[in-house]
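Here's the structure we're looking at; comments come further down.
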Amino acid sequence: MILPQDDLLGHQTPARYDEPAIADTPHAMFTERFWYMGALVPRGDFVFGAGLGYYVNRKIMDGYVGITADGVQHVYRASRHCASDPLNTQVGALRITVLEGLGSHRIELGPNESALTLDLTFRAAMTPNDEGRDRLLRGGNLVADVSRYVQFGHYTGWVQLGDRRFDIEGTQCWGARDRSWGLRTEARADPSAPPVTQFKPMLFTWVCAQFDTHGIHFFLKENAPGDVRFLAANETYPPASGRAPREIVQVEHDFEFDEQDPYSQHVKGGELRLRYADGSLRTLRMRALPGRFYLKAGMYGGIDGWFQGDDKGPLHVRIDSWNHSDPETRRKLRTMAEQVIEFTDGKQTGYGTIQGGLSEGFPKYAAIQHLPTM
């Protein structure tokens with residue numbers, strides 16, 4: 001069972017709270033992570049992203065926050081030593097506060113060297129979508145062991161970008177957050193700091209689709225269509241409904257990719273067919289909206305030689321503004337992004353995000369496999 005306390009830092013193992021900390025390995029490090037994403041809908045051209053990582057064995061904490069507006073992504077990212085105050089969830093001007101476990105979180109970016117400040121509060125709309133534990137063994141060795149859950153909700157508050165202010169009220173900003181902890185391996189996708197991770201033929205897709213009455217989340221890794229390496233998928237409902245989550249046992253996909261994009265594997269539409277444990281079927285049609293928030297902002301895969309958990313000194317801050325129309329910027333940002341997606345099931349329209357990519361040799365979608373996986 002996921003408890004409100006699981007929203008707080010301090011996990012020592014991929015389990016809950018009652019085991020000693022486990023050591024990092026040559027391939028993975030024990031990581032606790034918060035992740036947040038929201039988009040103004042129905043236009044979907046304004047995207048917010050934030051996250052924080054705590055690396056207990058390295059005594060490092062890093063985080064990022066930013067927005068994409070008018071095709072330009074503005075990012076604040078920072079890293080600090082945290083041996084003396086490991087449970088203080090502040091890195092530089094970024095602070096994340098759990099106001100109520102499984103209920104509300106606050107993300108603040110105070111005055112800093114950039115033109116961006118913000119104060120946003122996430123309020124849950126659904127009970128958590130539990131991914132359970134993703135354990136990976138390779139050659140008999142434990143490579144990764146991560147617990148994670150996702151929760152859908154809405155963001156309210158304000159964002160200030162120079163002389164522009166965005167006031168966000170009611171339910172106009174739809175989004176999600178996740179919470180993970182455990183032994184985590186990270187792919188390295190920064191050509192400036194080789195070696196770069198080589199992927200076996202595979203597809204990975206991480207989807208959050210929020211509707212008024214329910215939320216659908218799944219994480220799928222496939223060696224080939226139908227050859228599932230990992231699937232965690234379920235549908236959740238508002239807490240007041242009293243409804244238990246419904247398990248999804250099969251995901252079939254027909255993605256339509258933007259084959260004109262020379263730098264990234266981005267979805268422009270398509271269809272998802274979800275089979276539930278009770279035998280029922282739900283089909284989702286997808287349409288990409290304009291907004292993207294590239295996860296290089298949070299050092300996912302690494303950027304300019306900076307990887308998650310790196311020791312950058314007592315406090316290190318980096319400010320970036322990335323114009324998504326600039327070819328060299330797009331070449332650097334690659335594939336991994338919060339892609340804002342409109343989902344329809346024939347009855348309701350919802351909004352959310354897709355993250356993912358596929359590597360060369362996957363027996364579908366050959367036209368975009370020459371592009372970077374992440």
Side-chain angles (χ1 to χ4, degrees), residues 7 33-52 63-69 73-75 94 96-109 116 118-129 131 148-159 161 166-180 206-219 234-239 267 284 286-295 297-298 300 336-343 348-356:
D7 261 352
R33 185 166 296 283
F34 294 97
W35 165 89
Y36 303 88
M37 172 269 173
L40 296 184
V41 300
R43 289 179 54 178
D45 55 354
F46 178 100
V47 193
F48 151 77
L52 183 142
Y64 71 96
V65 63
I67 65 165
T68 297
Q73 184 170 337
H74 306 270
V75 176
L94 169 63
I96 292 173
T97 306
V98 177
L99 301 174
E100 178 188 0
L102 306 184
S104 60
H105 291 206
R106 185 179 183 185
I107 303 96
E108 300 169 88
L109 181 64
L116 179 67
L118 57 82
D119 189 342
L120 294 171
T121 297
F122 169 90
R123 290 182 174 84
M126 309 292 166
T127 57
N129 297 68
E131 285 189 14
R148 175 167 36 223
Y149 55 87
V150 170
Q151 190 171 33
F152 292 100
H154 302 96
Y155 292 89
T156 57
W158 56 267
V159 175
L161 180 64
F166 303 85
D167 289 302
I168 300 171
E169 302 173 346
T171 59
Q172 66 180 141
C173 187
W174 291 41
R177 68 175 189 92
D178 84 9
R179 180 77 176 90
S180 62
W206 199 83
V207 169
C208 292
Q210 180 181 0
F211 298 84
D212 283 326
T213 58
H214 60 282
I216 295 171
H217 166 68
F218 71 80
F219 185 16
N234 49 47
E235 179 175 302
T236 55
Y237 308 95
V267 171
L284 299 181
M286 300 174 287
R287 181 173 72 94
L289 299 179
R292 296 174 185 167
F293 185 90
Y294 286 90
L295 288 170
Y300 285 83
M336 281 288 286
E338 311 295 356
Q339 259 200 274
V340 184
I341 303 292
E342 177 191 86
F343 297 91
Q348 294 189 50
T349 297
Y351 303 93
T353 184
I354 287 179
Q355 300 175 15

| message | If we check ring pair (Phe, Tyr, Trp, His ring centres under 6.0 Å) with His217, which of these qualifies: Tyr149, Trp206, Phe211? | response | Trp206
Do you know which two heavy atoms are closest between [X] and [Y], and how far apart they sit?
X: Ile354; Y: Phe343; result: CG1-CZ, 4.3 Å
X: Leu116; Y: Leu109; result: O-CD2, 3.3 Å
X: Cys208; Y: Phe152; result: CB-CE2, 3.5 Å
X: Thr127; Y: Pro239; result: CG2-CA, 3.8 Å

Contact between [X] and [Y] at the side-chain level, heavy atoms closer than 4.5 Å - yes or no?
X: Phe34; Y: Arg179; value: yes
X: Ile341; Y: Leu289; value: no
X: Leu120; Y: Ile168; value: yes
X: Leu52; Y: Tyr64; value: no
X: Thr156; Y: Glu169; value: no
X: Thr349; Y: Tyr351; value: yes

| task | Determine, for Tyr300 and Arg33, whether the Lys NZ or Arg CZ falls below 6.0 Å from the six-membered ring centre while staying within 45 degrees of the axis. | result | yes
| query | Within 45° of the six-membered ring axis of Phe122 and under 6.0 Å from that ring's centre, is NZ or CZ of Arg106 located there? | reply | no
Between [X] and [Y] (side chain of the first, backbone of the second, donor and acceptor by atom type, cut-off under 3.5 Å), is there such a pair?
X: Tyr36; Y: Gly51; result: no
X: Gln73; Y: Tyr294; result: yes
X: Asp7; Y: Leu102; result: yes
X: Asn129; Y: Gln151; result: no
X: Gln210; Y: Ala176; result: no

| Plane angle bin for His154 and Trp174 - parallel if under 30°, tilted between 30 and 60°, otherwise perpendicular | perpendicular
| said: As a quick check of understanding, evaluate side-chain contact (heavy atoms from CB on, under 4.5 Å) for Gln348 and Thr213, giving each step before the final call. | reply: CA-CA 9 Å; Gln348 294 189 50; Thr213 58; 2.8 Å; yes
| message | Taking the ring centre of each residue, are Phe46 and Phe166 less than 6.0 Å apart? | response | yes
| message | Assess the residue pair Gln355 and Glu338 against the criterion (side-chain hydrogen bond (donor to acceptor under 3.5 Å, both in side chains)); give the C-alpha distance rounded to whole Å, side-chain angles, the decisive distance to 0.1 Å, and a yes or no. | response | CA-CA 6 Å; Gln355 300 175 15; Glu338 311 295 356; 3.0 Å; yes
| said: Once rounded to the nearest 0.5 Å, what's the spacing between atom CZ of Arg292 and atom OG1 of Thr353? | reply: 11.5 Å
